[in-house]
Peer 1: 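Sharing a structure here in structure tokens format.
Nothing here was measured: the structure is a model prediction, and the numbers come from that model.
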Amino acid sequence: MIKQFLAGTVALSALAAGAASASAQETQSGAYSAADIVVTARKREERLQDVPIAVTVLSGETLSRARIDSGTEIARQTPNLRVSLLGDESQPKFSMRGIASSEFTLNSISSTGVFFDEVYVGAPHLGGAQMFDIERVEVLRGPQGTLFGKNTTAGAINFISRTPKFRPEAELTAGYGEQDYMELRGAAEVPLIEDRLTIRLAGNFAHSDGYVKNLNPAGRDLSNIDRTAGRLTLAYKDDNGFDATLRLFVIANDARAIGAINTGLGPGGTNAYGINPRINPFTGDPLTRHQVATDRSGEIEVRGKGGYLTLNKDLGPVTVTSISSWIKGRFLNTVDADGTIADLLHIDFASENKEISQDLRLTTNGSGPIKLIAGLYYYKDDVDIDTLYYLFSGAAQLRQLYNQKRRSYAAYIDGTFDLSEMISVYAGIRYTDDKGKINDFQVVPIIPVNAAYSFPRYHDKEPTGRVGVQFKLSQDVMIYGQYAHGYRSSAFNGGALTNPADLNAARPEKLEAYEIGLKSQFLDRRVTFNATAFQYDFSDQQFANVVGIGNIQLVNAGKSRVKGLEIETSVRPAPGLQFSAGLGLLDAKYRKLLLNGVDLSGNRMIEAPKYTLNLAADYSVPVGDKGELSLHVDALRSGAQFFQATNAPEFHVRGFWDLNGRIALREPSGRFEFAIYGKNLTGNTVETGVQTDPSTLTRFATVPYPRRFGAEVTARF
């Protein structure tokens, strides 16, 4: 496939170069049009089409038009990106290019690094509610270990909040939808000292009734929305090349627990109590995909706060940048894991997290042939876990408590050398020193804290990096090829409950990645066509092996291989009209995997559908001087996938379509906008996450929110 793609790349490059040359002769004003997108994928501002990385960019305008208001929804517009959930929308787990982790324990780390304003956030629930007042989202596919660090084996997702503009402005949006969904979000900026100091305040509030009906009269409906978040930004700049930005945030989520769609794995779909969870116990009728009958209406409680301080000083030849962060939060999720009115399995998940980081780097300035970035990085997190399991009406109770500490040091350098106007080479290397340890691990009453075994520790030292070459065939056509080495640090098994031997540290996972790509624009940059082909050789992939309650193991797969192709294109055939599409193809299989004495070599990798297809269309027409009528529609098609390496039928979910749309009218003054929207218009109910518990013979699954409609009004001042 790589050879075929390379041949096609050369042909397309020649065609695109010719078209670009022709359009350049036809017009000079189109050299830099609205199709030019600026990104910071390499820690400096660059035009997207000049960056030799497979990047999908969702601008703030795109997020608004597509009504994307949580991190779980960005996969609607990103090829080869999937999001799985076993909790609510504040706990997304990303799978990129077939690289995923099956862990949902509160101490786990993802293969996809999540960043907010360049700050790595390890705990997913501490970032899930910050999708407001966003300037853009950059999804970087492929190992990003050089500039973004460890735990970016699959890639990195960078959420970038709006940059203060040092001028007064305000925007407020109020919305209402089905299930009494109410939302209020907005932002306001007030300069304190003209062109020197400004303050920006942004916030988001949303609440709804439950989208999953609990038919137990003594219970409450589940899977509702209840989030509140705020961000205060202070920005300062002077005339001597110094600027500082302080961002302080607070988040709160008080949603009810997810309405899990549980099924029994025993005869006739029954669980260990002989109950079929998909039958209404009061009427005997089958339950729909958005109905449950549970004895427990659990709660989700998330509290988080923190701050990011970014300092830049332009010294002429170089700019010095410092990014410091401090984050603190807690998480509680009380779950009816059996999903019935019987008290079979209840779980209380709780954790407290503290994270600090410091990035200090030098970036060269100027337009010379050499561009360099070099820096030092430090990260530390501290997690306290307290999980309580109630089994069989309380006949058995297990309480797991422990403290996990991790710290990481790194030094890195990355650079590009222009050999000529046409050819550039680039390379980077990062050396990371990671340490982790478990303290005071105990499971009451089975494993006492003073048990005669050593708590696990790890100490990893690993270089990561990349090397590549890019050819600029014309101003608007570039091809590149590269090799990258990715690494995810060792991890502790947060699912150990009954056997001290299960409390282990899985080995680091490593990835050798080979990639070639094409980036092109033609017809006066009204058409963009980007494509990437890649091959991954993956060793020691970490994932959870669920044998049963009290016997969850964290293991390493032997070897895996992923081959893939991605195509992203957009066309602007006329003013106000744009079509875009993204296609992702994957062939992801375990090459060497022995699990529970069974050889699973040749099985498909988890959360790796063979294809994803993203489609979108936008059309707008002017209304008066500043008004606009706009229409947006987007669709996602994802192929079938497995949620466990055994590829057993209970872990298989079918493919699906997801369709969304929005119509908006901005009245002629430009101050007010009225919009109506619809989400999940196909009524998709395909599972977004699957887990099983052999002890209670239960399959636990989650489904998307149902089809729903809403309206909103926005005022700008």
Peer 1: Just by distance, do the side chain of Thr612 and the backbone of Asn80 share a donor-acceptor pair under 3.5 Å?
Peer 2: yes
Peer 1: Should Glu189 and Thr233 count as side-chain neighbours, where that means a heavy-atom distance under 4.5 Å?
Peer 2: no
Peer 1: Could you check whether Arg141 pairs with Glu566 (Lys NZ or Arg NE/NH1/NH2 to Asp/Glu carboxylate O, under 4.0 Å)?
Peer 2: yes
Peer 1: Determine which pairs satisfy salt bridge (charged side-chain N to carboxylate O under 4.0 Å, His left out) with at least one residue from residues 74-84, sequence neighbours left out, and list them in order.
Peer 2: Glu73-Arg76, Arg76-Asp634
Peer 1: Begin with the C-alpha distance, continue with both residues' side-chain angles, and end with the deciding distance and a verdict on side-chain contact (heavy atoms from CB on, under 4.5 Å) for Leu586 and Lys610.
Peer 2: CA-CA 5 Å; Leu586 284 178; Lys610 292 183 177 181; 5.7 Å; no
Peer 1: Roughly how far apart are Glu462 CD and Tyr431 OH, rounded to 0.5 Å?
Peer 2: 8.5 Å
Peer 1: Ignoring hydrogens and angles, state whether a donor on the side chain of Arg65 or Ser630 is under 3.5 Å from an acceptor on the partner side chain.
Peer 2: no
Peer 1: Tell me whether Arg97 forms a cation-pi arrangement with Phe534, defined as NZ or CZ under 6.0 Å from the six-membered ring centre and within 45 degrees of its axis.
Peer 2: yes
Peer 1: Could you tell me whether Lys313 atom NZ has more than 12 heavy atoms of other residues or ligands within 6.0 Å of it?
Peer 2: yes
Peer 1: How many angstroms lie between atom OH of Tyr536 and atom CG of Leu511, to the nearest 0.5 angstrom?
Peer 2: 6.0 Å
Peer 1: Nearest heavy-atom pair of Ala608 and Gln641: which atoms, and what distance?
Peer 2: N-OE1, 4.1 Å
Peer 1: Less than 4.0 Å between a side-chain N and a carboxylate O, is that true for Arg200 and Glu169?
Peer 2: yes
Peer 1: Is the closest side-chain heavy-atom distance between Arg361 and Tyr377 below 4.5 Å?
Peer 2: no
Peer 1: Hey, mind stepping through Glu509 and Ser111 against side-chain hydrogen bond (donor to acceptor under 3.5 Å, both in side chains) and telling me if it holds?
Peer 2: CA-CA 9 Å; Glu509 60 182 31; Ser111 301; 2.9 Å; yes
Peer 1: Hey, could you give me the CG/OH distance between Leu585 and Tyr611, rounded to the nearest 0.5 Å?
Peer 2: 10.5 Å
Peer 1: May I ask you to say whether Arg42 pairs ionically with Asp414, meaning some side-chain N is under 4.0 Å from a carboxylate O?
Peer 2: no
Peer 1: Within 45° of the ring axis of Phe132 and under 6.0 Å from its six-membered ring centre, is that where the NZ or CZ of Arg185 lies?
Peer 2: no
Peer 1: Would you check if there is a donor-acceptor pair between the side chains of Glu667 and Ser669 at a distance under 3.5 Å?
Peer 2: yes
Peer 1: Any sub-3.5 Å donor-acceptor pair from Asp524's side-chain atoms to Arg526's backbone N or O?
Peer 2: no
Peer 1: I would like to know whether Thr416 and Arg44 meet side-chain contact (heavy atoms from CB on, under 4.5 Å); could you show each step before the answer?
Peer 2: CA-CA 12 Å; Thr416 300; Arg44 63 168 78 234; over 6 Å; no
Peer 1: Quick one: sort the Tyr308 and Phe249 rings into parallel, tilted or perpendicular, breaks at 30° and 60°.
Peer 2: tilted
Peer 1: Check the pair Ile157, Met96 against side-chain contact (heavy atoms from CB on, under 4.5 Å), reporting the backbone distance first and the verdict last.
Peer 2: CA-CA 10 Å; Ile157 302 176; Met96 196 179 300; 4.0 Å; yes
Peer 1: Nearest 0.5 Å, what's the CD1-CG distance between Ile373 and Leu362?
Peer 2: 10.0 Å
Peer 1: Step through the shown structure and confirm whether more than 12 heavy atoms of other residues, nucleotides or ligands are within 6.0 Å of OH on Tyr483.
Peer 2: yes
Peer 1: Output the distance between atom CD (Glu138) and atom OG1 (Thr56), rounded to the nearest 0.5 Å.
Peer 2: 10.5 Å
Peer 1: For Ile663 and Leu629, work out which heavy atoms get closest and say how close.
Peer 2: CG2-CD1, 4.4 Å
Peer 1: Quick check: do Ser322 and Gln358 have side-chain heavy atoms less than 4.5 Å from each other?
Peer 2: yes
Peer 1: Taking Tyr677's backbone N and O only, do any of them form a donor-acceptor pair with Asn660's side chain (distance below 3.5 Å, no angle check)?
Peer 2: no
Peer 1: Do Asp117 and Arg162 meet the salt-bridge criterion of a basic N to acidic O distance under 4.0 Å?
Peer 2: no
Peer 1: I want to check something: taking the side chain as every heavy atom from C-beta on, are Ile323 and Val119 in contact at a cut-off of under 4.5 Å?
Peer 2: yes
Peer 1: Exactly one of His632, Arg662, Gln578 should register a side chain to side chain donor-acceptor pair (under 3.5 Å) with Asp618. Which one does?
Peer 2: His632
Peer 1: Atom CG of Leu315 and atom OG1 of Thr364: how far apart are they, to the nearest 0.5 Å?
Peer 2: 12.5 Å
Peer 1: Any side-chain heavy atom of Leu81 within less than 4.5 Å of one from Phe94?
Peer 2: yes
Peer 1: Checking side chain to side chain donor-acceptor pair (under 3.5 Å) against Tyr426, which of Lys371, Gln482, Gln470 comes through?
Peer 2: Gln482
Peer 1: Below 4.5 Å, heavy atoms only, C-beta onward: do Phe159 and Val114 meet side chain to side chain?
Peer 2: yes
Peer 1: Would you say Tyr480 and Thr532 make side-chain contact, with heavy atoms under 4.5 Å?
Peer 2: yes
Peer 1: Apply ring-ring contact (aromatic ring centres under 6.0 Å, His included) to Phe115 and list each qualifying residue two or more places apart in sequence or on a separate chain.
Peer 2: Tyr120, Phe148
Peer 1: Strictly below 4.0 Å, N to O, side chains only: are Arg561 and Asp587 in salt-bridge contact?
Peer 2: no
Peer 1: Okay, side chain of Arg430, backbone of Thr146: is any donor-acceptor separation there less than 3.5 Å?
Peer 2: yes
Peer 1: Which heavy-atom pair separates Phe471 from Ile423 by the least distance, and what is that distance?
Peer 2: CD2-CG1, 3.7 Å
Peer 1: Under 3.5 Å, side chain of Glu673 to main-chain N/O of Arg671, donor-acceptor pair present?
Peer 2: no
Peer 1: Asp537 and Lys510: salt bridge (Lys or Arg N to Asp or Glu O under 4.0 Å), yes or no, with the steps?
Peer 2: CA-CA 8 Å; Asp537 290 323; Lys510 301 176 183 180; over 6 Å; no
Peer 1: Salt bridge between Lys519 and Glu46, side-chain N to carboxylate O under 4.0 Å?
Peer 2: no
Peer 1: Go through the steps to decide whether Leu518 and Phe529 satisfy the test side-chain contact (heavy atoms from CB on, under 4.5 Å), and finish with yes or no.
Peer 2: CA-CA 8 Å; Leu518 161 72; Phe529 181 88; 3.8 Å; yes
Peer 1: What heavy-atom pair brings Thr40 and Glu45 nearest, and what distance separates the two atoms?
Peer 2: CG2-CG, 4.0 Å
Peer 1: Any luck finding a side-chain donor-acceptor pair between Thr173 and Glu712 under 3.5 Å?
Peer 2: no
Peer 1: Is the side chain of Thr569 donor-acceptor paired with the backbone N or O of Thr528 at a distance under 3.5 Å, no angle test?
Peer 2: yes
Peer 1: Of all the heavy-atom pairs spanning Glu607 and Ser84, show the shortest one and how long it is.
Peer 2: OE1-OG, 3.1 Å
Peer 1: Does the side chain of Pro191 reach to within under 4.5 Å of the side chain of Phe166, using non-hydrogen atoms?
Peer 2: no
Peer 1: Tell me, which pairs form a salt bridge (charged side-chain N to carboxylate O under 4.0 Å, His left out) where one or both residues lie in residues 314-323, sequence neighbours left out?
Peer 2: none
Peer 1: Under a 3.5 Å threshold, yes or no: a donor from one side chain and an acceptor from the other, between Ser357 and Ser325?
Peer 2: yes
Peer 1: Show the nearest heavy-atom pair for residues Pro92 and Val83, with the distance to one decimal.
Peer 2: CB-CG1, 3.8 Å
